[in-house]
Trainee: 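Could you have a look at this structure, given as structure tokens, before my questions?
The structure presented is a predicted model; accordingly, all values stated were derived computationally and were not measured. Throughout, residue positions are numbered sequentially from 1 according to the sequence presented.
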Amino acid sequence: MSEAEERIVKVAVIGSGLAGLTSAYMLTKSETGSQDNVRFQVHLFEKNATLGMDAASISVGYNDKFRIDVPMRSFMSGYYSHLFRLYRHLAIDIKTARFSFGWYRIEASEATPPTPPATTYRSYMTYSGSRTVGQLNFHKQSTASLGESIKEMFGLCWMGLIVGASYAWLMILSLWYYYRGHLSNPSHPISNMTLQQWFQQHSIHPYFVHSIFVPLFSAVCTNSWESMLNYPAADILEYMAMGLFQESYIAGSGVRQVVDRLSTPLQHIHLNTHIQSIRSGSTHRLSLQDNHGEIHGFDHVIFATQGNQALVLLKEWQQHLAQQTPGVYEEWQDVKDTSSVLEAQIHMLRQFSYENSIVINHTDTSLLPESREHWKALNLATVDASVQPIKSRYTVSFPHSTTMTTHILNMTHDVEKDKEEDILYLQTTNPCIAPSPKHILSASWFERATVTLSSKQAVQKYLFEFTGHDDSKTRLGPCQGKNGLWFVGSYCWKGIPLLEGCVASAERVVSQGIAVTEQVSLEVPCGDRQPAYHTCVEQCSASETAPLPLHLQCLAWTHHQDCQYQCMHTLTQLAIEKGEPVHQYHGKWPFHRLWGIQEPAAVLFSLLNGWYHAYYYRILKQQLKDSYDLKKYYVIMSVFAMNAWVWSTVFHTRDFGMTEKLDYFSAGLYILYSFYLAMIRIFYLRGTARRLLTCVCVLLFTAHVAYLSLGARFDYGYNMTACVIIGVLQTKLWLGWSTLQYTRWGKTERRPYAWMAGLSVTLLACAMSLEVFDFPPFHGVLDAHALWHAVTIPMIPLFYQFLLIDCKVETATEATPANKKRLL
């Protein structure tokens, strides 16, 4: 099609943060249908000399190879679905950030004049581990007398009880509200409650609130303690519920990689260009004037700035219209309509409030707790009012009503060490005490929206109308698109203003706003969210009349599902031909089916695993003596293993909600039973102890199934975490026991075969690392999950051989070591 036949739609994106870059990228990379005859011409405006998302970041370290993101950009699985999808599409290097947390107080000690008071930096709690399961420690201060030490120890125990009970109660309530749908229900009372009101209503202990919770979330949200307590309770509880058992991540190569990949296809980037006014246009709907005096015409303008910056431009336009004297009725009506829309948009933007923050990159470790043992990845300092530091442009204003957060970057990032010295790189947000000037690497000032009940209502009423947890049904609000103006950014989306809101709001405005306004089918590069995919499925479903082949009918394929499969592979083949990334559809990679089987390789390997367990099931029944106390437990283990692989075969044959749950539940049962078996074999549990352990395991599995079955959605993160924890415990038990047999505390004359158990569980743990990798299936057949099933097959005989030999030794009639050796 020639350019003369195309209709050019010009779009201006003001602001080059993640929201602006995502909007510009999606409009540029997205393709319209061949019948639409439309091409988007996108212009990105940035008032600074570099693109915004990476503008404040710096390079340090050996040969400047370490990139420090400013501010810190971490994200969490579960809460960041849109961001994860975008990063996967861009092939961003994602790494796990193993955060640990430390809480400490900065206080001025008492002193007798003229001696100035000394400042102390004392930790009172540290936490290491995953986001949900880890090690919590409380730290005592050195005291002069034994009585004071005993008193302090009782105080620490009481403090631990308060923190543990408060956190457990808070998580139970968060999960209850979330899965009951109360947090997304605007008519529920919690939607109009602040965090402080909710804490008081549910009797959360004040110590936990003010010493642990508020300092932590004040750091997450980068705002004051007062603003944190005035946060909508529903937003924070939703963050906690969705973050349960989830992991934190960072962009492994820094956000510079994100910026590079989002900006590469953009053809019109205007740096050092500040938009100063907006007017109604002549050739285009809108006219923009920049600081260079140039005037640009556009059909749409996307504000990807903070709301208060958009507010300045809209108020200036409103004042300009107020000074107009229209000559004819049509002009007067146009001015009136435009002014009316502007008034609504200005009113909406006024509902958002902002707080300033400072981020200092430095190497001054004097800001950290006094004891190096208490240094954690994130160190959260509460500065007492008694501390009056020297005034500096590098500190927040006094009195200090926010958390000073110091991030030890070496603990969460891969820092290449200097040949001469090992430097700790620190990033302090909202410093209450200034680092030494000679240690400062960079300083940046930011402005961030803080959420209130009124701003939350403004988002729901004017920008995006949300329905439940599933944002796929989200509709654009009445302020979007009016006068050709669109609003995106972290403050525009529900919940805490984070990277997720930038991507989600941009995706909605592009696909549901501009594309619909221009009456085009826009192909947004995000798998099953692509309009081309939905159009293909709809057309296929409407035209399909012939019955499906018998083998597809036998496996419960429907015409609609068959159309989804065909369209998925059509679009995947097009992406491969264009050299573009392969996308997931409905959360799964595009596999080539065989006779209706969705994942043939995984099915084959599941069958082989099941067959091997069935083979050893017969061996165990034949060779183990009936007198052996654990024979029935070993046989039951084989039954549970066969059951797990049977349901794995069924699930990978046809992925339904029920087959998925049966697969996960069966695997969980096998893992838990293997742990149970390790406990009763290694510790020789008998009688009451065995019955008690049996009851505990039954209750745990029942609670596990109930939680996953009764929730509004299947919690994949929790399921994976629970299975990994039990699997790791079992691995440690067998590995520790087998290692012990070769020490002076073990009985090597009885168990020289113990290495088989240790090696078996170690190889299995190594094989599980394949589950961490996630890549498109090789030739549409073999992916990381199928490989995991394949490598477990040769490991099965090793553990069964251990059980058989161990049974012979345990049931030997002759008691001498020499005779037992001959039994091997």
Trainee: Could you point out which residue of Thr365, Thr428, Asp364, Asn379 forms a side-chain hydrogen bond (donor to acceptor under 3.5 Å, both in side chains) with Thr406?
Mentor: Thr428
Trainee: Determine the interplanar angle of the Phe45 and His270 rings, folded into 0 to 90°, and report it as parallel if under 30°, tilted if 30 to 60°, perpendicular if over 60°.
Mentor: parallel
Trainee: Parallel under 30°, tilted from 30 to 60°, perpendicular over 60°: which one fits the rings of Phe464 and Trp493?
Mentor: perpendicular
Trainee: Is a salt bridge present between Lys494 and Glu500, judged by a nitrogen-to-oxygen distance below 4.0 Å?
Mentor: no
Trainee: Give a yes-or-no answer on whether the side chains of Asn223 and Glu355 include a donor-acceptor pair shorter than 3.5 Å.
Mentor: no
Trainee: Quick check: closest heavy atoms across Ser57 and Val70, and the distance to 0.1 Å?
Mentor: OG-N, 3.3 Å
Trainee: Decide if the gap between the ring center of Trp103 and the ring center of Phe213 is smaller than 6.0 angstrom.
Mentor: no
Trainee: Assess, by modelled atom type and distance only, whether the side chains of Thr403 and Trp225 contain a donor and an acceptor separated by less than 3.5 Å.
Mentor: yes
Trainee: Would Arg105 pass as a cation-pi partner of Tyr124, given that its NZ or CZ must be under 6.0 Å from the six-membered ring centre and within 45 degrees of the axis?
Mentor: yes
Trainee: For Ser166 and His205, which I'm curious about, is there any donor-acceptor pair between the side chains at under 3.5 Å?
Mentor: no
Trainee: Please determine, by modelled atom types, if Asn272 and Glu46 share a side-chain donor-acceptor pair under 3.5 angstrom.
Mentor: no
Trainee: Please report the C-alpha distance between Asp69 and Arg256 in whole Å, then the side-chain angles of each, then the deciding distance to 0.1 Å, and finally whether the salt bridge (charged side-chain N to carboxylate O under 4.0 Å, His left out) criterion is met.
Mentor: CA-CA 8 Å; Asp69 293 338; Arg256 179 167 54 182; over 6 Å; no
